[in-house]
Every structure is written in C-alpha cells, then in structure tokens.
Amino acid sequence: MKIDCTVDGKTLTLSLNSNKPLSLILQENLDNQSNTAHCKGRMCGLCAVLIDGKAELSCMVPAFELKGRNIMTFDQFQKTRNMKDIAKAYELEGVEPCKDCYASRSIIFESLISSEETTPDEIKRTMSVVKCNCMETSDEVNIVTKALDIRRKRNVRRS
Amino acid sequence: MADRKSFSRYTMRCGMILRSTEAGRKLDGFDMPELDSRFLVITASNIPGNNEINIMGTKMPLLASDFIAYKGQPLLVLFGPDYENTELALEKIKVKTSPMDSKEDSSDFPDPLFFSWGLDENGENDEERQQMKKIESSFELESGDEESFNRFPILSWQDSNNTMHVECPSQWQSMVRECVASALNRSPETITLHPDKYSEKYDEYFIGPAMYATYTSIATFITGMPCEMRESCIAARPGISFHTVTWIDKNSKPRHEETTVIIDQGYWAIMGKELQRQIMVNILPKYSLESFKAMIRTQRSPKRPSVFCGSMVHAASLSSRGIHTSRLALKLDLTPSSFIQDTNKDATRFTDWAPRHDLTDLEEKVRRISKDSDFDRKWSSSALHSGQFGLQGYLYGIGLASGLSTAGFSTTTAKENQFMAQLSYTTKKNVTVSGYFPQSLSGDRTLKEILGRTFSATDQTELVLFIEGTQKAPDSGPDILSFYSSIFLTQLMKATMKLSQLTRKEDAELPITLRFNSQNLALPCEFEYSGFGTAVVEVEIPKTSLIPEVKNVWIDIAIAQPQIKGLEPKIKSIALVAFESLGVKLASNFNISVKCTSERKDVGTYSSVENLVRSLVTSALSSAFWQATGQKSGVKLPFGDKAIERYLGGDE
C-alpha cells in the first residue's frame with residue numbers, strides 16, 4: 001500500500017507492506033542511523049520515536065497507522081533546541097543515559113516535557129518502558145523537572 | 001576506495017537468511033518459486049570458494065549442504081531489490097528434508113580430559129570407599145542463546161580495482177578477512193575491511209558478523225552490486241553439568257573425590273580443549289585428598305555452536321566447587337566458612353597439583369642437599385636441650401626456597417594483589433590514572449583514547465597518565481586470554497563516565513578522585529609454566545642488638561621469556577624491597593648474587609618475576625629465621641656459597 005507521511009520534516013510517499021513496523025521502515029527503507037533496535041517483541045524500549053509529538057515505540061506501530069502522521073526520529077530531534085534543554089538537564093543532574101538508550105530515553109523525556117507531566121508516578125511509569133537499567137528512576141524524575149524549568153525559562157525569555 | 005555514500009537504494013541488493021526450523025535432518029534441496037533477475041540465491045553449491053568458516057581452528061559450513069546440524073542454521077541466503085520483496089520471496093521457498101542416517105560428522109571433536117592423583121593400580125579405591133560416607137552434589141549451567149536487541153548493518157561493495165570492501169561490526173578483523181577470502185577463493189590482500197563501531201559488549205557475538213560479511217561479499221562478487229544485510233547477532237553459551245562425589249572417613253575428613261563434567265558446546269566445539277582445560281583448573285578441590293579423579297567430556301548436540309564463553313564458564317565451575325564445599329559442610333554439621341578454615345590447615349597449594357609440571361629435578365636437588373648437609377652439631381649445642389630457653393646457639397640460619405613461576409591471572413594472585421586503579425580530575429583539570437597496567441596497555445594511546453572520548457568533548461582537558469609501579473601487570477597471560485585487559489578497560493570506561501558526570505556538577509569540588517577495581521575475581525585462571533627459581537638467604541642475629549640481619553643472598557632464576565635484559569638489577573631491587581618490608585636489616589658485609597637465564601625463548605608469555613622473587617626470598621628468609629630462632633629443629637641445609645652453587649648447578 002502507499003502511505004503518505006512526514007518523517008523528520010520530509011514529506012514522503014512510501015510503498016510498503018501494510019503490516020511492516022515503523023522501526024523496520026526507518027531502518028530498511030529510510031536508512032535511519034539512530035534506530036537500530038529490533039527486539040522482535042521483547043520490549044527493549046530502545047526504538048522510541050515522536051509521532052505527532054508523542055513518544056511511541058516504533059516497533060509497535062504498523063505501517064497502515066502512519067497515514068498522515070508526523071514522525072520525528074532522534075536523527076532530527078538531536079538537532080533541535082528542545083534536545084539542548086534535555087542535554088542541559090543531564091548536565092545539571094550529573095547523569096546521562098548510556099549510548100544504547102540515549103536516543104530512546106531522550107525522545108520519551110521530550111514527550112513528558114512537552115506534555116508538562118510532573119507527576120513522579122506517571123514519569124516512572126512512562127520511563128519504565130525502557131528496559132536498560134543505566135539510570136535511576138529518581139534521576140529520571142529530576143531530569144524531567146529540571147528540563148521543564150529550563151524550557152519554561154527559555155520560553156519566558158523568548159516572549 | 002569506492003565512495004561509500006554514493007550508493008543508492010535502487011542499485012543495492014538486500015539480503016535475508018533462510019534458517020532451519022529443525023535439526024538433525026538430511027537436506028535434500030529447496031522448492032524455489034520463480035524469481036526474476038533482481039534476485040540472487042546463494043546456497044552451499046554456488047559459493048565460489050570454500051563453503052566453510054574457520055573460527056579459531058574449528059571449521060563449520062557457511063551454509064548447510066548435506067545435513068542440518070542445528071535449529072537456526074543458515075540454509076540459504078536470498079538477495080533482492082529491497083527487504084520487503086526479499087522477505088516475500090523468502091517465504092515462498094520451501095526446504096526439502098528427510099530423516100538422516102545415524103552417521104556422525106567426522107569433524108574434530110575434543111577427546112575427554114582426565115586428571116587424577118593418588119589412585120591405586122586399578123584406578124579405584126573401591127574397598128576402602130565402601131566403608132566411607134558418600135556425599136554427592138550436582139550443578140548445571142544451562143546452555144542458551146541470546147539475540148542482540150540491535151541489528152547491525154553489514155555491507156560490502158567492490159571498487160574499480162577489484163578490491164572487495166566489507167563493512168561490519170567486528171573486532172576480529174583478520175578472521176573476517178580470511179573467511180571472506182576463503183569463500184571467494186581470493187587472497188586476503190584483496191579484501192579491505194571497514195570495522196564498524198564496535199563495543200566490547202558484543203565480544204561474544206563474533207561468529208555472526210563474520211558469516212554475514214561472507215554472504216554479502218559473495219553476493220557482491222556475483223552481482224557486482226553493493227549488497228547489504230541487517231541482522232541481529234547471536235551469542236550462544238555452552239551447557240555444562242558438574243557432578244561431584246566425595247567419600248568422607250570416620251573422622252569427617254574428605255578422603256577421595258570424583259568429578260565428572262559434561263560440556264555441551266553444540267554441534268561444533270569451538271576451542272573445546274581450551275574450555276576443558278580452564279574448567280579443570282577451577283574444579284580442583286582446595287582441601288587435601290588422598291585421591292582425586294576428574295573427567296571432562298565434551299558431547300556433540302544438535303545446537304548452535306557456542307563461542308568460548310570465558311567468564312561464565314569460570315563462574316560456573318567455581319560455583320560448582322563452592323556448592324559442593326557447602327554440601328560437604330552441611331553434611332558435617334559445619335558452616336561453609338568453618339569447613340574451609342578447617343580443611344585449609346592442611347591444604348595443598350594449587351601449583352603442587354598443576355598438571356604437566358615435572359618436579360623430579362627439584363626433588364633430586366633437595367635430596368642431594370639434604371644428604372650432604374648436617375647441622376646436627378649446631379642443634380646439639382643448643383640450650384634448648386638443657387631446658388634453658390634462649391636464643392644462644394640459634395643465632396644463625398640459612399634458608400632455601402625453590403619454586404615454579406606460573407604466568408597467567410590466577411585467583412591466588414588476585415587475592416594477594418588488590419589491583420585497584422585510581423582516576424583523578426585535578427584542580428588543573430588534568431585527568432590522571434594510576435595503578436597497574438597490563439602489558440598490552442603500557443602505551444598511553446589506548447587509555448588516552450578512552451579518556452579523550454569522554455573529556456575532550458566538554459573542555460580542553462589535558463590528559464596525563466601517571467603510571468604507578470611497573471607498567472606491567474604483575475601477572476599476564478597469553479594475549480588470547482588477557483581477560484585482565486578487557487576487564488580493566490570496561491572498569492576504566494565506567495569510572496571515566498562517572499568521573500565526567502561528577503565534574504560537571506555545579507558544586508563539584510576539585511580534585512575529584514575515584515578508585516575502581518581493575519580486576520574481576522571471578523575471572524581466573526590461565527596458568528602456564530613460566531620459570532623456575534631458587535633463593536638462598538643467610539641470616540644472622542647479632543647478640544648485641546638481636547635484630548636479624550641478612551648477610552648473603554643467592555638468587556638463581558630460569559625464566560621462560562625471551563627478553564631478560566635488565567632483569568638482574570630488577571630482581572635485586574625486588575629482593576631488597578621484600579627484606580625491607582619484612583623488617584630485617586642488611587648486614588654491613590651484605591652481598592647479593594643474582595643469576596638469571598632465559599629458557600624457552602619461543603614462548604610469548606611474560607612471567608611474574610616480581611611475585612616469584614618476592615615469594616622465594618620471603619620463604620627462604622622465614623626458613624632461615626626459624627632456624628636462627630630455634631623454632632624449627634632438625635633442618636639439614638648446606639653452608640657456603642660454593643656448596644650451594646654446586647648443588648644448583650647440578651654438578652655431582
């Protein structure tokens with residue numbers, strides 16, 4: 001089937017099997033560099049992407065659900081100002097994810113920050129999708145809180 | 001070199017593997033659908049060169065040809081214009097199989113490894129054992145395989161000079177190159193490898209990348225187009241079962257023991273003999289026994305061949321020993337620690353059991369020394385005989401110690417030397433590392449690269465390496481088993497990351513120092529004979545001060561390493577440091593004579609001269625000191641340097 005969608009700011013028309021997962025589309029058809037996870041349903045949580053601003057595991061999204069959606073991968077997200085806020089929060093907190101889960105965790109952090117989610121339980125629940133144990137849950141809560149502060153200040157300055 | 005970035009998805013071929021779903025079947029062929037010219041099928045019959053991959057001396061087929069050895073074995077590789085079409089076409093291919101005769105594969109498989117001591121002529125002590133209590137324990141490490149979460153792209157292309165370029169994530173560059181060359185029937189010089197970013201975490205996954213690189217290269221060779229595969233890598237570990245039986249006498253002392261180990265390494269045993277040898281080292285009991293028998297057998301099974309899974313195998317065999325010791329303690333109503341303490345009293349050191357070391361020569365030397373020496377006259381004048389306790393008459397002693405040196409990273413050495421390393425971020429924003437370094441890391445480059453990766457991105461940190469002590473690890477094994485270096489680098493990387501995070505904190509107070517353990521105690525044990533040494537120490541206790549003084553020292557070492565230049569002064573300095581740390585003074589007429597010879601110049605190992613010399617002089621000194629203080633009577637030893645030289649030189 002033919003699917004029109006936007007990936008990293010580019011409008012594409014993809015000719016694909018309707019049940020092909022987004023993670024494989026990114027790897028095999030679009031040569032995405034940040035997404036290499038292929039856990040075959042083991043729920044590694046390392047393939048998160050932003051779909052219409054919300055983090056989702058790309059291996060759980062079939063091609064037919066992509067029609068008209070806006071997808072942003074870490075390849076594009078790492079160049080944005082929003083990622084700089086998260087990187088600054090890593091720096092302030094003194095912890096950062098390992099290189100395996102850096103992209104996925106940052107994407108999920110962005111999803112939480114953009115929805116202004118500050119409830120610790122909700123943050124922990126959302127972040128638990130990443131199975132890599134390089135980061136403490138308390139650190140994750142602090143990072144979201146700090147990154148949110150940084151973004152608010154930035155927005156105030158801009159206005 | 002062809003420009004890697006100039007490839008277009010339209011001019012590439014994407015490959016997928018058809019794997020077997022059952023094992024132990026005869027492969028009769030394939031039912032192929034009609035495929036157009038965009039597709040390429042690679043089977044065992046159309047590989048241009050040899051259908052085999054050589055992993056550390058074990059040869060396995062690249063693609064199954066006559067029979068299916070294990071579930072998941074690659075049978076066929078299909079290359080197509082894109083992954084979706086390839087997958088659809090692959091689903092239509094049917095594999096034709098039939099039941100296989102019970103014919104075994106004739107490829108090499110290691111013979112069982114036996115080791116024993118103290119057995120009677122029949123190899124058993126049956127009659128005696130029947131009257132004893134029997135305690136058994138079993139431990140099993142289940143075999144398994146694990147697929148990596150990530151898929152690695154493997155790409156190959158050919159340039160105008162007919163050079164094959166391969167890009168794959170592997171640190172085993174020469175192995176990949178040779179596999180590709182063998183499959184293409186070309187010389188390895190015509191293959192250029194571009195190792196993709198690699199991390200030690202995937203060290204166990206080395207079979208996969210080599211096989212996939214070979215498949216893509218064959219496809220490129222046939223089609224002339226760049227070919228790509230994206231595959232997960234699989235780490236398989238061997239299954240090992242341990243069964244130990246101990247016979248205990250009426251006094252609750254372990255007397256006889258038998259251990260049987262069965263290894264399941266899959267259909268091909270990669271480094272099977274090495275695995276057996278390493279398990280043997282770990283299953284030797286630490287308590288005294290009259291007899292011991294161990295048998296390690298590797299059996300073939302229809303499973304994926306497992307790579308040499310070093311740390312896990314060591315941990316499993318040590319665990320089996322630990323479990324058996326606990327079982328013995330439980331049956332004897334003791335706690336494991338008190339059992340170990342109890343049996344350690346008369347424990348025999350590992351080196352006494354080390355296989356293949358012939359101690360006949362040493363025993364002969366000691367016998368000759370004992371025969372010709374007589375200190376009886378000294379002891380006869382002792383005040384001890386008359387019941388007067390004092391040092392008079394015991395103020396002089398000569399101690400002799402001989403021993404073997406083993407190269408390798410031993411548990412014993414690990415316990416004696418805490419290999420801690422230290423990483424500091426100084427007030428001048430320098431990074432310093434101090435500690436012992438393995439031989440292979442003595443150059444600063446590797447360390448600087450690791451540190452540079454973390455620190456250079458943040459600020460202009462100048463990297464300074466401060467190396468404490470020697471640049472060699474006190475014990476180092478052959479390169480292939482240099483576990484220490486891999487552990488050290490892993491720990492260093494973790495510590496570097498942690499330090500980097502600490503320095504970035506706003507309230508960070510410099511200097512920041514981190515200490516990290518640069519060894520893994522669960523990773524022993526590769527022993528190789530690496531030298532023989534003897535030390536003689538002459539001690540006198542002056543009546544005036546009663547502080548022991550070392551008068552003469554003779555050290556003779558035959559070391560199994562090619563280069564001995566500069567070793568003699570080093571040995572002298574180690575001996576002097578040992579004396580100092582043991583609290584003895586050097587006499588005014590102190591003399592030290594060192595002789596060092598090189599034997600077995602062909603070996604590539606480096607001996608732990610430090611440990612050997614330190615242990616030799618320490619034991620020789622303690623022996624001499626015991627004589628001098630009268631705590632050990634009846635010792636017969638030679639006197640005079642000429643006599644000693646005569647004995648050690650082998651002159652009758």
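On a predicted model such as this, the values are computed, not experimentally measured, just so you know. Order of the sequence lines fixes the chain letters, A, B, ..., with proteins taken first and strands second; residue numbering starts at 1 for each chain.
For B:Arg13 (side chain) and B:Arg38 (main-chain N/O), a donor-acceptor pair under 3.5 Å exists by modelled atom type.
Ion pairing of A:Arg105 with A:Glu110 is absent here, as no side-chain N (NZ or NE/NH1/NH2) approaches a carboxylate O to less than 4.0 Å.
For a residue to count as touching a neighbouring chain, one of its non-hydrogen atoms must lie under 4.5 Å from one of that chain's; by this rule B:Arg230 touches chain A with the side chain only. In this structure, chain B has no heavy atom under 4.5 Å from any part of A:Ser23. Only the backbone of A:Glu93 comes within contact range of chain B, with heavy atoms under 4.5 Å apart. A:Asn35 does not touch chain B: none of its heavy atoms, backbone or side chain, sits under 4.5 Å away. Contact of A:Lys40 with chain B is made through the side chain alone, with heavy-atom distances under 4.5 Å.
By the 30° and 60° cut-offs, the orientation of the rings of A:Phe74 relative to A:Tyr102 is perpendicular.
Smallest separation of non-hydrogen atoms from B:Leu18 and B:Ile93: CD2-CG2, 4.0 Å.
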- Item | Audit row: A:Tyr90, A:Ser106, side-chain hydrogen bond (donor to acceptor under 3.5 Å, both in side chains) steps and yes/no | CA-CA 10 Å; A:Tyr90 290 153; A:Ser106 302; 2.9 Å; yes

